Number of protein chains: 2
Amino acid sequence: MKATIYDVAREAGVSIAAVSQVINGKGKISEERRAEIMRVMERLNYQPSVIAAALTGKKTYTLGLLVPDISNPFFAEIARAVEDQGHSLGYSLVICSTDNKDERVERYLSLLQQKSVDGMIIGTGMDNKEMLKPLLENSIPIAMIAREMPGHDVQTVITDDFAGGRLAAEHLLGLGHTRLAVLAEQLKVSSSRERIRGFRQRLAEAGIDLPDDRVLASGDALVKDGKRKATELLQRAERPTAIFCCNDLLAIGALQAAKELGLLVPEQLSIVGFDNTILATVTEPPLTTVSQPTEEMGKLAVDLLLSQLKKEEGGSRRTVLQPELVTRRSTAAPSNE
Amino acid sequence: MKATIYDVAREAGVSIAAVSQVINGKGKISEERRAEIMRVMERLNYQPSVIAAALTGKKTYTLGLLVPDISNPFFAEIARAVEDQGHSLGYSLVICSTDNKDERVERYLSLLQQKSVDGMIIGTGMDNKEMLKPLLENSIPIAMIAREMPGHDVQTVITDDFAGGRLAAEHLLGLGHTRLAVLAEQLKVSSSRERIRGFRQRLAEAGIDLPDDRVLASGDALVKDGKRKATELLQRAERPTAIFCCNDLLAIGALQAAKELGLLVPEQLSIVGFDNTILATVTEPPLTTVSQPTEEMGKLAVDLLLSQLKKEEGGSRRTVLQPELVTRRSTAAPSNE
DNA sequence: TTGAAAGCGGTACCAT
DNA sequence: ATGGTACCGCTTTCAA
């Protein structure tokens, strides 16, 4: 069985208080005693129970991370960044894939609370924003990442999605495109909405209108839905010459649709993705995409969360990072067929 | 502050024992009392502390998952499968990216123990296999996934890597290739070794020798290293007409190398990957690759782990799933230049 | 049925 | 410098 602090104390012939001292490196203990206790801990392969420590008011050193889907490369990258920063600070990470479903979000939120995580990083959207209320009331530190929750006083780390949308529009405009379309995630996803808003605004500035029927939202199966929606777009009479996709997965769907329809990318169709995941680098042509600084975002989210944990300040800083356009070969000037 | 069982008991005018009863749905309580208690729990937004419950001998309902890198699509998929199965059974998942580094493995192993996870699923290699000893001694349920640890009596779920290697060889042989090479992960990765062994054996059966200098191992940066090693291979006098890559990431590196050198895939070079991740579907040409049933593996690993948790049986079943060759367009008959 | 009380493995305060 | 001890929140006998 696992050795406890009592076992160590007994073997070392001291009180558990003494053992606790050396575990936490505080209090006063003679060097000899400390050494002896260390030796016994070693011999017994003693591992202090975080559970027990947490019960006495200390932390659990565990963080929760909610994302739509850990198998989506973008969130996998975010997760890795969060994990690394957390790990370097002594925290473990519980991942929760929500599929953007409120019921799953709620379930996970509750579970994480019951497990007394020290904080949660939320990178998933939810329809019912009231779900966070109880957490805030219980004063559980929360940080949003890559997603917003307006109206709630929560730490947030995002890239400027609006600017990202503008960047994409700017690029396409510069290439000479005027017949554009957009492929988005479910509209409940705040980042998609912002990207579209930015994209649209920039187009408007150039005097180009983006009618609602040229903005299609997909379901959960990003690639598949992206392909289906793109196919629909590309078969319309007024075929768009460029599609802005709210993430790389959708862009891949669009790419597949184009290929299936025998359209050349970028000659006959330009495609812009978002996130700059590894996927964007391996497609053919590789995707022009808007890049988010995932590593920095993950690190920042953890730092913000933990600083919130220390100080009582629930101050809600909103940290906005700038996206960058990564130009690759999926975009070009429209052909004048 | 968070409500405790005491708060509920007080508010409901009963003992904490009664409250505990209704939480766990056992014992005998009159319907009225139960209803009243439920009502109070609701009102106080009471969430029983898993921490406290765990301390009294119950489970933590948390599992640990060790993988080389959660941002590697293959492991992200595995993680998702494990998460889903665990979640449906009430367990949360702590992810641990080890980068195949023993120090990280050790650190995580220790951390997970201190946090009293109910079990660990290990999908990462380690040089020092003795590291698992203490866990086994502490009788912490362990299951290996997609990786082996021969000599240790541990539950294991893997695909038949040896067969996978043979599959790849078979395919290439059938196409008429005779000058082959292999790109592997670090050789400490058991699955890579097995794949190579299978590949080599099948070649041998066809009377083809695969000299050691045609088997190159990469480092951690899979794509980058894969590209570098592939470049090296492709610049040799006796250029291979086909490369078997031990995972899709390496295959992508090889693909990039080929493109950079102006070699046509599959006309001048055939490439076979492994894992059939989403990446294999988006490259150009899409990759012929050996597929692993990730979903089934994840589900199985969790089930095995939990069954181990219930019964005392530490019985080490070794479950071997069969891989499948997915033929796409990165392979073809060698040109006779 | 219901409640009192003894742990579970630590922490931290208070004497000694 | 050391040890005794009262919790932390919950589970689980064991009496009542």
Side-chain angles (χ1 to χ4, degrees), chain A residues 1-38 40-41 44-62 90 110-111 113-118 138 140, chain B residues 1-38 40-41 44-62 110-118 138 140:
Chain A
M1 232 31 268
K2 269 192 79 169
T4 74
I5 198 172
Y6 291 97
D7 300 322
V8 176
R10 180 165 13 82
E11 291 287 310
V14 300
S15 73
I16 61 167
V19 179
S20 180
Q21 307 271 47
V22 351
I23 293 174
N24 300 290
K26 41 172 85 166
K28 271 100 197 8
I29 297 209
S30 64
E31 256 320 310
E32 325 144 46
R33 257 163 149 30
R34 146 173 266 99
E36 168 60 8
I37 292 175
M38 298 273 272
V40 175
M41 297 200 302
L44 266 40
N45 189 246
Y46 168 68
Q47 307 262 37
S49 160
V50 173
I51 296 291
L55 193 53
T56 72
K58 299 193 79 171
K59 301 186 296 182
T60 53
Y61 286 98
T62 303
S110 165
L111 265 172
Q113 262 188 95
Q114 295 178 197
K115 295 193 176 164
S116 308
V117 297
D118 296 330
N138 281 344
I140 295 179
Chain B
M1 231 31 270
K2 269 192 80 170
T4 74
I5 198 172
Y6 291 98
D7 301 322
V8 176
R10 184 168 7 86
E11 292 286 311
V14 299
S15 75
I16 60 168
V19 179
S20 179
Q21 308 270 46
V22 351
I23 294 174
N24 300 289
K26 42 172 85 167
K28 271 98 198 7
I29 297 210
S30 63
E31 255 321 312
E32 324 145 46
R33 257 165 149 32
R34 145 172 268 99
E36 167 62 7
I37 291 175
M38 297 273 272
V40 175
M41 296 199 305
L44 266 40
N45 190 245
Y46 170 67
Q47 308 261 37
S49 161
V50 174
I51 296 292
L55 193 54
T56 72
K58 299 193 80 173
K59 301 186 295 183
T60 53
Y61 286 97
T62 303
S110 165
L111 265 171
L112 291 176
Q113 263 190 93
Q114 296 178 198
K115 294 191 176 165
S116 310
V117 296
D118 295 330
N138 281 344
I140 296 179

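Below, chains carry the letters A, B, ... as their sequence lines are ordered, and counting in each starts from 1. Every value quoted in this text rests on a predicted model; they were computed, and no experiment measured them.
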Among I16(B), I29(B), V14(B), the one residue meeting side chain to side chain contact (heavy atoms under 4.5 Å, CB included) with Q21(B): I29(B)
Nearest heavy-atom contact between S20(B) and I5(B) is N-CD1, 3.9 Å
Could you state the atom-to-atom distance from CZ of R33(A) to C1' of dA1(D) in whole Å? 8 Å
With a 4.0 Å cut-off (strictly under) to non-hydrogen atoms of chain B, the first and last hit nts on DNA chain C, 5' to 3', are dT1(C) to dG9(C)
Quick check: do V19(B) and R33(B) have side-chain heavy atoms less than 4.5 Å from each other? no
Go through the structure and list residues passing side chain to side chain contact (heavy atoms under 4.5 Å, CB included) with T60(B), not counting sequence neighbours. I51(A), A54(B), T62(B), S116(B), D118(B)
What salt bridge (charged side-chain N to carboxylate O under 4.0 Å, His left out) pairs are there with at least one residue in residues 10-32 of chain B, not counting sequence neighbours? D7(B)-R10(B), E11(B)-R43(B)
For residues A12(B) and V40(B), report the shortest heavy-atom separation together with the two atoms involved. CB-CG2, 3.8 Å
Would you check if Y46(B) and I23(B) make a side-chain contact, meaning some heavy-atom pair closer than 4.5 Å? yes
Nucleotide by nucleotide, nucleotides 5-16 of chain D touches protein heavy atoms under 4.0 Å in the pattern (B base, S sugar-phosphate only, - none) B--BBBBB----
Partner set under side chain to side chain contact (heavy atoms under 4.5 Å, CB included) for Q114(A), not counting sequence neighbours: S110(A), Q47(B), V50(B)
Angle between terminal axes - the helix from dT1(C)-dA16(D) to dT16(C)-dA1(D), 5 pairs each end, rounded to 10°: 50°
Flag the pair M41(B) / V22(B) as yes when at least one side-chain heavy-atom distance between them is below 4.5 Å, and no otherwise. yes
